Amino acid sequence: MSAPGSWLWLARHEGRLALRDLRHLMTGGGRWRVRNVAITFVLLAIGLHLIAFGVVARHADMTLAVGTRGFTSITGSLLLTFFLLLSQALEHVTRLFYGRGDLDLFRSSPAPLRRLFVIRVLAIAVSSVMMSFVVALPAVNVVAALGGLRWFSALAVAIAAAVATAGIALSLAALLFDTLGPRRTRFAAQVASAIVGSAFIIGVQAVAILSIGTLSPRDFFDSDLVLNHMPGPESPLWIPARAVLGSAPDLALTILGAAVILVVPMVLLSGRLGGYAIATASVSHGGSRPAWGARLFRTASPRQLLQRKEWMLLLRDPWLASQTLMQLLYLIPAGLLLWRFYGDARGALVVLAPVLTMAAGQLAGGLAWLAVSGEDAPDLIATSPISPLYNLSAKVEAVLIAVFAIFAPFLIGIVTHSWTAALVIAGAILLAAGSSTLIQIWFRSQARRRYFRRRQTSSRIATFAEAFSSVAWASAAALAANESWYAIAPAIVAMLVLAGTWSIRPR
Amino acid sequence: MNMAQSVPALRVTGLRKSFRRPAVDGLDLRVEQGKFYALLGPNGAGKTTTLRMVAGLMQPDAGAVSIFGIDALADPVAAKRITAWVSDEPMIYDKLSPTEYLAFVAGLWGMDPAVADRKSAALLELLELKPHAHERCEDFSKGMRQKVALAGALVHEPKLIILDEPLTGLDARAARLVKDALLARVRQGCTVIMTTHILEVAERMAERIGVISRGRLIAEGTLDELRKQSGSINTSLEDVFLALVAEQETAQ
């Protein structure tokens, strides 16, 4: 038995909570059925290994002799995973200070707060390692099976990268706190997290489009443009890549580096973490502002009133706005592609149509959840003299208008080149956004807006249905933009997804 | 009494609602116009479920609800036009200020903006919210949020106000303000139906009191009439309430 308040006692407490969170994530709050979880796990593992086989099998015979070209490719892939893990870790570290949960209990107890935060940062490192396992293990298994056990060093590199992300995330969060203060840090960290997670891939795609005219990072890393600027194979820049390929000294350096990156900030910053948490508890949003919203409401019909309220609440909540709109960052390469190929748009439109359709579907899903399920005053709306149908139609309009306002610049860009393409893409956007909105209406479940991020775990059926319908409409849009009648096939799939989702909706 | 006044503010007949077991079990209730009516009952007696059905927040399994002669189940929009609802957990928009919230509520009820502005200003003054009129509600205490919710309920001049435990969590001053505002409305002819666990409030404010137990109305009347029903003369409402509930439980 560990003594209450000791390192081990706190670690066990955190472990128990993490295990319950994981269980909730896997069962959606339902009963824990070992058989179901095992089947899901096996199916997921098979799926991931099949994908990994398609992507990495041909590299199984790669050795240290591969040179700069191979190192560039491996380092690019590592960086992509690293930034995704860093994005997650930054979000988790920020949540440490802003989530109230049990912090008040700990702060009012004689247990040392510093110890709790150290353990929670370590837990974030463990969670990053688990994520890296999900991403890297299938690929490592495939290349190890085909090319030898030496490939397991790649797994160690992935773990080291994951550990390092926790340390970097902690340093970044502390930097934001010290420079921006507790009131702005949460929003800044959310934006930073989204940018960190997407910047690398978007940056690579953007440069790839502008330089060699492709969206593919792999082609970009393989291009002479990149390789001409890379150092020789002996450069320290390739230490992680050489470690992936089984070089023992490079692997040792990588692991040591990751440990230093995690431990140094933890030692230096752990004493200040409790202070950050206290500072966030004292944040006030207060301050008097001109009531411009009242003027907007006074001149509105009930329908406009409901729509303006939705837009106003979203605009006034930077966190929610960032959560909803950040996925639009992924539209940047699409915009660049449009611009790059403006003179020869046929090829670009085939790429643009699905990207825009997919983004519209996902954006509409988020906005529809906020408008329909995330109504903060449901009793007020339900007891007001407007019919439920009127209320719902006003909210659906609010969502669709917002989606079209965001995608309008793209459509205007396309319409100047081709009316038909613009019509096809506008139709696909409407269908994808409408489908996601319908799914959110069918699966509505009253919740506070601040639980926006949990919407994907609260109804996994709705989440998957939304994704599948968006993908199907995106495929239809791509084929329709290519003037192919085969577009009918994915459109039928999308409608079948909708019909299936409607049939299993909660009643 | 003219014809208009003979129509009860609320008439509930044979109201039923079951979840796993009956929550409201054939309830009949009549509240006259211009009265302050307190609905009492032990935890789980069906008070909140009853009021949520009356307010149109929940569909009954059976029964009828009539608000000022309007069939609230057949024409809910017409009934809601003259009704207001306040729950114990104030649900307001964190990102709106009280002024904006009241403009929004007034808009939902289709009020003339100039009238709404005047009434909003008066309510903010009355409920001591004026210094915070342009602050967003996200930093407000429970009491302040409850006052904003109450202002929202009063701004559109409802004929019937339904309140479910509106004084929960309020400090003495805020509770007094809310009680005074409600009594003022009753004096102007408005009907108020309120559930509360604070029996002193019911004793002091309510003209008529209904006691619900296990989804049924077991006693109803003025405090004196309830005393007679329970056979406990010159006792407090608390004694009367406990005697009535105990008697009901013994009978079952």
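Within every chain, numbering begins at 1; the chains are lettered A, B, ... in the order of the sequence lines, protein sequences first and strands thereafter. Quantities reported herein were computed from a predicted structural model and do not represent experimental measurements. Computed from heavy atoms alone, side chains included, the values below leave out hydrogens, waters and symmetry copies.
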Top contributor to chain B contacts, counting heavy-atom pairs under 4.5 Å, from [options]:
{"options": "A:Asp376, A:Ile381, A:Asp379", "answer": "A:Asp379"}
{"options": "A:Leu313, A:Thr299, A:Leu306", "answer": "A:Leu313"}
{"options": "A:Pro378, A:Ser384, A:Ala382, A:Ser387", "answer": "A:Ser384"}
{"options": "A:Arg308, A:Lys309, A:Gln304, A:Met312", "answer": "A:Lys309"}

Closest non-hydrogen atom pair between A:Phe297 and B:Glu100, with its separation:
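Answer, listing the atom of A:Phe297 first, then B:Glu100: CD1-O, 3.3 Å.
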Minimum heavy-atom distance A:Ala377-B:Met91, with the two atoms named:
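Taking A:Ala377 first and B:Met91 second, the nearest heavy atoms are CB-O, 3.3 Å.
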How about B:Arg11: does its CZ atom have over 12 heavy atoms from other parts shown lying under 6.0 Å from it?
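Check fails, neighbour count at 12 or below.
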Quick check on B:Lys130: does its NZ atom have over 12 non-hydrogen neighbours (other residues, nucleotides or ligands) under 6.0 Å away?
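For B:Lys130, atom NZ is not crowded (no more than 12 foreign heavy atoms under 6.0 Å).
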Heavy-atom contacts under 4.5 Å, residues 102-121 of chain B to chain A
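Listed by number, the contacting residues are B:Ala103, B:Phe104, B:Val105, B:Gly107, B:Leu108, B:Trp109, B:Pro113, B:Asp117.
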Residues 55-66 of chain B: residues contacting chain A (heavy atom under 4.5 Å, by number):
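Residues in range: B:Ala55, B:Gly56, B:Leu57.
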As a quick check of understanding, evaluate side-chain contact (heavy atoms from CB on, under 4.5 Å) for A:Leu314 and B:Lys95, giving each step before the final call.
CA-CA 9 Å; A:Leu314 187 65; B:Lys95 298 288 174 190; over 6 Å; no
Under a 4.5 Å heavy-atom cut-off, does chain B meet the side chain of A:Ala300, its backbone, both or neither?
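Neither part, no heavy atoms under 4.5 Å.
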What part of B:Phe140 lies closer than 4.5 angstrom to a heavy atom of chain A: side chain, backbone, both or neither?
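Neither part; nothing is under 4.5 Å.
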Flag side-chain contact, heavy atom, 4.5 Å: A:Leu380 against B:Tyr93:
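Side-chain contact under 4.5 Å: yes.
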Below 4.5 Å, heavy atoms only, C-beta onward: do A:Ile386 and B:Lys80 meet side chain to side chain?
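SC-SC contact between A:Ile386 and B:Lys80 ruled out.
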May I ask you to decide whether A:Arg316 forms a salt bridge with B:Asp94, counting only side-chain N to carboxylate O separations under 4.0 Å?
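Looking at B:Asp94 together with A:Arg316, the answer is no, because their closest N to O distance does not fall below 4.0 Å.
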